[in-house]
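The basis for the numbers below is simple: all heavy atoms, side chains too, and nothing from hydrogens, waters or symmetry mates.
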Amino acid sequence: MINLLKAAQSIPAIQDKQISRKLFLTGFSQGGHATLAAHRLLEANPIQGYELAGSASIAGPMDLAEIQLPNALLGASTSGSLYVAWIALSYARVYDKPISDVLSTPWDDIVPTLFDGLHDGAQIVSALPASPPLLLTEEVKTAIRLGDGHWFVDRLRENSVDAWPVKVPLRAYYADNDVDVIPKDVTIFAVRARQTNQDRFPFEAISVGEFDHDGSVLEAAPAVVAWFNSLAREAEPVSVRTDTVRTDTHN
């Protein structure tokens, strides 16, 4: 997302227009995690030409190692095995590690063939075991259970979006019946954020009600637009065009 923002500044169609410097970020599911990570990074290292005004994560995972991966392994979501397989394969590729360090036999050979761009989500789910733990090596399962060191679990911890002293308004929308990205993640984040922010607290955890994962975005999206509009009016009384970077990548 950060690279996308930088690249957008070089597009002539954008350069030639007088648009607001105010930047609003939103994303759903995996995009919600990207929104949180980008928000934190932009607070610490702003990009010249942009002024972060507010962000909204919708059903975005936060604590990947301690909450969301263990939740996926419970198998409550029909996509649990897909999530585990996808993040294992992605991390192996990004960090240049053997997939067999994470996925057990024969899944270390099968999973890369499923994520080849030719299989849709339903096909991938049907080809994977119904019980997500069957995908993982014993070493990884031990590291998750006991907190032992393993590069895969360590990278999940590094990529978790833990609470920090939030400076710019930030909201995290969640659904009470979401078994894919469980509400516990947001509520714990809210407690930690309040502890780190002390007197100033521009973070809000907002339930959209008793909906599932996909239903959360349908309920939250209109509220996000309304909130961004209110922030834009507060910041700029004169009617202007604002930039919104949207990341809606689904887990």
### Task
Please step through side-chain contact (heavy atoms from CB on, under 4.5 Å) for the pair Phe211 and Asn177, ending with a clear verdict.
CA-CA 5 Å; Phe211 297 92; Asn177 294 338; 6.0 Å; no
### Task
Evaluate side-chain contact (heavy atoms from CB on, under 4.5 Å) for Trp86 paired with Gln30, printing each intermediate quantity in order.
CA-CA 12 Å; Trp86 174 237; Gln30 184 178 338; 4.0 Å; yes
### Steps toward side-chain contact (heavy atoms from CB on, under 4.5 Å) verdict (Arg171, Trp227)
CA-CA 10 Å; Arg171 287 184 174 182; Trp227 183 53; 3.3 Å; yes
### Task
In sequence, state the C-alpha distance, the side-chain angles, and the governing distance for Asp180 and Tyr83, and then conclude on side-chain contact (heavy atoms from CB on, under 4.5 Å).
CA-CA 9 Å; Asp180 296 78; Tyr83 296 148; 2.6 Å; yes
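By the 30° and 60° cut-offs, the orientation of the rings of Phe24 relative to Phe228 is tilted.
There is no side-chain donor-acceptor pair under 3.5 Å between Asp63 and Gln68. A side-chain N or O of Ser29 and one of His213 form a donor-acceptor pair less than 3.5 Å apart. Side-chain atoms of Tyr91 and Arg93 form no donor-acceptor pair, as typed in the model, at a separation below 3.5 Å. A donor and an acceptor atom, one from each side chain of Ser216 and Asp178, are nowhere located under 3.5 Å apart.
Residue Asp108 holds its CG atom at 11.0 Å from CG of Leu89, rounded to the nearest 0.5 Å. Taking CG from Leu136 and NE2 from His150, the interatomic distance works out to 9.5 Å, rounded to the nearest 0.5 Å. Rounding to the nearest 0.5 Å gives a distance of 9.0 Å between CG of Asp185 and NE2 of His33. Atom CZ in Phe152 sits 9.5 Å away from atom OG1 in Thr137 (nearest 0.5 Å). Rounded to the nearest 0.5 angstrom, Leu52 CG and Leu170 CG are separated by 9.0 Å. Going from atom CG of Leu114 over to atom CD of Gln123 covers 9.5 Å, rounded to the nearest 0.5 Å.
Within the 3.5 Å criterion, the main-chain N or O of Ile67 finds no donor-acceptor partner in the side chain of Asn71. A donor-acceptor contact shorter than 3.5 Å links the side chain of Thr35 to the backbone of Gly27. Between the Ser77 side chain and the Val179 main chain, no donor and acceptor come within less than 3.5 Å of each other. Side-chain N or O atoms of Ser104 include one that pairs as donor or acceptor with a backbone N or O of Leu135 at under 3.5 Å. Here the side chain of Thr26 pairs a donor or acceptor atom with the backbone of Ala56 at under 3.5 angstrom.
Under 4.0 Å is where a charged nitrogen must lie from a carboxylate oxygen, and between Lys167 and Glu43 no such pair does. Looking at Glu138 and Lys141, a side-chain N of the basic residue comes within less than 4.0 Å of a carboxylate O on the acidic one, giving a salt bridge.
Atom CD of Glu158 sits in a crowded spot, with more than 12 heavy atoms from other residues, nucleotides or ligands closer than 6.0 Å. Counting heavy-atom neighbours within 6.0 Å of Asp116 CG, excluding the residue itself, gives a total above 12.
The two atoms that bring Ser160 and Ala65 nearest to each other are OG-N, 3.7 Å, heavy atoms only.
In this structure, Leu69 and Leu64 have side chains that are not in contact, with every pair of non-hydrogen atoms separated by 4.5 Å or more. With a 4.5 Å cut-off on side-chain heavy atoms, Val186 and Tyr173 do not count as touching.
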